[in-house]
Number of protein chains: 2
Amino acid sequence: MPKVSAAYKAARRDEIIDAALRCVQRDGYRGTSMAAVIAESGLSAGAIYGHFAGKQEILVAVAERVLAGRQADLEAARVDGQPLSPAALVSALVGGMRLEKATRVIPQVWAEAAVDPEIAEIAGRIFLRVHRLLRTELAAWAAAEPGRVDGDPGAWADLVVPAVIAAVPGFLVQRAILPQFDEDAFIAALPLVYRG
Amino acid sequence: MPKVSAAYKAARRDEIIDAALRCVQRDGYRGTSMAAVIAESGLSAGAIYGHFAGKQEILVAVAERVLAGRQADLEAARVDGQPLSPAALVSALVGGMRLEKATRVIPQVWAEAAVDPEIAEIAGRIFLRVHRLLRTELAAWAAAEPGRVDGDPGAWADLVVPAVIAAVPGFLVQRAILPQFDEDAFIAALPLVYRG
DNA sequence: GTCTATAATAGGATAGAC
DNA sequence: GTCTATCCTATTATAGAC
């Protein structure tokens, strides 16, 4: 029997993750100190370190939280009936991302992933899950549109998935960096450049 | 008359930028200390601070160096004669990027740009230059293919450029993060998903 | 301009009381 | 589990000799 309920523990963890998320959104991962997370959460050093071993472990939790949202978007976009074309899938993916408030956090996670294997593993896992979902959808679409795709639908889908998913980093990076970036115009343009 | 030749000064700066680039490529911006840059360059603290005011100013120089390469790629891809389609442009852009050895540096710059206005300004400037080049090319293509594009070619190009350029972050992020990422397959897939 | 040595401090993490 | 106070290393930047 744990000393405090698992629910309490989870709630505290969530508070801390919330606070850390706001810090990273505001100042980036590099610019976020433990002192900042402590202040933002309203808790104390002791409380934080009671739930996380250190700063890196907090980013792991933040990354899991934010990246898991992307997977949810995609599952929500699945419509029964006709499978989605490349253009429709890209729109669904980016459209979901549009609602994400933590606009600047994901690029921070990617930068850290490029250098920290544990973060890379988390980011890679999400990419792979999204890959699999897209692959299924695209293979079905290719099979239903035999005139448009050469060869085996599965092989075609495997090849094409990374190019389809690429729109997501493209959207997030431009949104995070360009002050005058127009989200709605970007989404409107997707069907004009992607096939399907 | 300066005490040392401008050429000497520039060469020293370049040495330092080279060293910093290797550090950031290896450890990320956050993981790179001034001590690391000093060791990597074989110089001393005094020498470094004689040429740069601090760490941030070195990243500015690194960012300028690496991002400027992207612009060069694109200018090299311009062929006289027929303007390039969206698919052809994306392939040219990503194909150029493929040769960039500093695979992990650009995501570091983007992450820092999300949080540091001076880095954002540099990254934004490069994006805008590439935007303009693409816009010209795409407007010409649209004008030459009247059946495929509705309305004014210039307006169409303005809308479409961000979606076309999005493939670049998509490529770089996946390459930096996914251990099994296949660059050649990605490039081969581009014509399959982009129109033109 | 560049070196060595060092100052100054920021930041991650822990100790011990409650 | 959480708080306050504090330790201690890592790190940026400077001072002064050459």
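As the structure is a computational prediction, the values presented were derived from the model and not from experiment. A note on names: the letters A, B, ... follow the listed sequences, proteins ahead of strands, and every chain is numbered from 1. These numbers come from the heavy atoms of this one structure, side chains and all, not from hydrogens, waters or symmetry mates.
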Have a look at the helix from dG1(C)-dC18(D) to dC18(C)-dG1(D) and give the angle its two end axes make, five pairs each, rounded to 10 degrees. 0°

Provide, to the nearest angstrom, the distance between the [atom1] atom belonging to [X] and the [atom2] atom belonging to [N].
| X | N | atom1 | atom2 | answer |
| --- | --- | --- | --- | --- |
| Tyr29(B) | dT11(D) | OH | C1' | 12 Å |
| Ile38(B) | dT14(D) | CD1 | C1' | 12 Å |
| Phe52(A) | dA13(C) | CZ | P | 13 Å |
| Arg13(B) | dT2(C) | CZ | C1' | 17 Å |

Using heavy atoms and a sub-4.0 Å distance, could you list which residues of residues 14-23 of chain A are near DNA chain C? By number, please.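 Correct list: empty, so none.
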
Can you list every ring-ring contact (aromatic ring centres under 6.0 Å, His included) pair that touches residues 137-171 of chain B, not counting sequence neighbours?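 Checked against ring-ring contact (aromatic ring centres under 6.0 Å, His included) - neighbours excluded - the pairs reaching residues 137-171 of chain B are Trp141(B)-Trp156(B), Phe171(B)-Phe181(B), Phe171(B)-Phe186(B).
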
Sequence neighbours excluded - ring-ring contact (aromatic ring centres under 6.0 Å, His included) pairs with any residue from residues 51-77 of chain B: none

Table of protein N/O atoms under 3.5 Å from nucleotides 9-12 of chain C N/O atoms:
from, atom 1, to, atom 2, distance (Å)
dG12(C), OP1, Lys55(A), NZ, 3.1
dG12(C), OP2, Met34(A), N, 2.6

Atom pairs under 3.5 Å: protein N/O with N/O of nucleotides 3-5 of chain D:
from, atom 1, to, atom 2, distance (Å)
dC3(D), OP2, Ser44(A), N, 2.8
dC3(D), OP2, Ser44(A), OG, 2.4
dC3(D), O5', Ser44(A), OG, 3.2

Taking the side chain as every heavy atom from C-beta outward, state whether Tyr49(A) and Glu57(A) have any pair of such atoms under 4.5 Å apart. no

Measuring only between side-chain heavy atoms, which start at C-beta, is Lys9(B) closer than 4.5 Å to Arg12(B)? no

Looking at every non-hydrogen atom in both residues, tell me the closest pair between [X] and [Y] and how far apart they are.
| X | Y | answer |
| --- | --- | --- |
| Pro107(B) | Leu172(B) | CG-O, 4.5 Å |
| Thr32(A) | Asp27(A) | OG1-CB, 4.1 Å |
| Leu159(B) | Ala189(A) | O-CB, 3.2 Å |

With sequence neighbours excluded, give me every side-chain hydrogen bond (donor to acceptor under 3.5 Å, both in side chains) pair touching residues 101-111 of chain A. Gln25(A)-Thr103(A)

Quick check on Asp18(B): does its CG atom have over 12 non-hydrogen neighbours (other residues, nucleotides or ligands) under 6.0 Å away?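 More than 12 heavy atoms, drawn from other residues, nucleotides or ligands, come within 6.0 Å of this atom.
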
Salt bridge (Lys or Arg N to Asp or Glu O under 4.0 Å): which pairs involve residues 105-126 of chain A, sequence neighbours left out? Glu64(A)-Arg125(A), Glu112(A)-Arg30(B), Glu121(A)-Arg125(A)

Of all pairs that satisfy salt bridge (Lys or Arg N to Asp or Glu O under 4.0 Å), the ones with a partner from residues 152-161 of chain A, not counting sequence neighbours: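 Pairs touching residues 152-161 of chain A that pass the test: Arg135(A)-Asp158(A).
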
Could you pull out all residues at least two apart from Asp14(B) that satisfy side-chain contact (heavy atoms from CB on, under 4.5 Å)?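 side-chain contact (heavy atoms from CB on, under 4.5 Å) check on Asp14(B) returns Ile17(B), Arg65(B).
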
All side-chain contact (heavy atoms from CB on, under 4.5 Å) counterparts of Ala92(B), not counting sequence neighbours: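 Result, side-chain contact (heavy atoms from CB on, under 4.5 Å) vs Ala92(B): Ala77(B).
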
If only atom types and distance count, is the side chain of Arg132(A) paired as donor or acceptor with the main-chain N or O of Phe127(A) below 3.5 Å?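 No, Arg132(A) side chain to Phe127(A) backbone: no donor-acceptor pair under 3.5 Å.
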
Reference residue Val105(A); test side chain to side chain contact (heavy atoms under 4.5 Å, CB included); the match among Leu59(A), Leu67(A), Val66(A):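 When Leu59(A), Leu67(A), Val66(A) are each tested with Val105(A), the side chain to side chain contact (heavy atoms under 4.5 Å, CB included) holds only for Val66(A).
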
DNA chain D-proximal residues of residues 108-120 of chain B, any heavy atom under 4.0 Å: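 Hits under 4.0 Å, by residue number: none.
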
